[in-house]
Amino acid sequence: MKFLIIIFALISVTHAVTFNCTFQIRSSTNLVRVYTCYTEALSNITSSERLTAVHGTHMTGKTLDDVEFLFINNVSSLTFFPKVITYFFPNLIALQISVCNISALHENELDVFPNLRWFAFTFQPQLIGIPGS
């Protein structure tokens, strides 16, 4: 039985997306001084498409619950929109995905962000389209 548990744990770890965040206060279009997770370094990107961990050093007094802006930049190995983002970032009001290889954003993928006020999907060389746009 222990052998099975170890195999399951190893499989779970290999099917993951991990964000390595630089946490900072950032301003952007229509946003003034929001706590941001800026990530360029994603690891363990596989077909599972699930975000399983977020790493980085928070600013004093801040936690993942304080993150309002997620900026994913320059990750050529990212070919899909990661799932379960709201588990780690429940209070997002802004999302920017730039210079990745995502070819499509599927219907309802942004529905999981009830407070989203600003979204940018920029410099996507493989982008075919966004439903409803």
What's the spacing between K62 NZ and I25 CD1 if we round to 0.5 Å?
->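 That separation rounds to 5.0 Å.
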
To the nearest 0.5 angstrom, please state how far the OG1 atom of T57 sits from the CG atom of N20.
->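 Result: 10.5 Å between the selected atoms.
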
For the pair L51 and Y87, evaluate side-chain contact (heavy atoms from CB on, under 4.5 Å) and give the outcome as yes or no after the intermediate values.
-> CA-CA 9 Å; L51 177 62; Y87 176 79; over 6 Å; no

Donor-acceptor pair, distance only, cut-off 3.5 Å: does the side chain of [X] make one with the backbone of [Y]?
X   : Y   : result
S27 : R33 : yes
Y35 : M59 : yes
T63 : D65 : yes
T39 : I72 : no

Closest heavy-atom contact between [X] and [Y]?
X    : Y   : answer
F113 : L95 : CE1-CD2, 4.1 Å
F88  : A53 : CZ-N, 3.7 Å
F89  : L64 : CE2-CD2, 3.6 Å

Less than 4.5 Å apart, any side-chain heavy atom of C37 and any of F23?
->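 Sidechains of F23 and C37: in contact.
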
Does the side chain of N91 reach to within under 4.5 Å of the side chain of V67, using non-hydrogen atoms?
->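 The answer is no, as the side chains (C-beta and beyond) never meet within the 4.5 Å cut-off.
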
Identified side chain to side chain contact (heavy atoms under 4.5 Å, CB included) counterpart of L70 within the set I93, I97, I85 |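 Of the listed residues I93, I97, I85, the side chain to side chain contact (heavy atoms under 4.5 Å, CB included) partner of L70 is I85.
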
Can T22 and Q24 be counted as having a side-chain donor-acceptor contact under 3.5 angstrom?
->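 There is no such pair between these side chains.
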
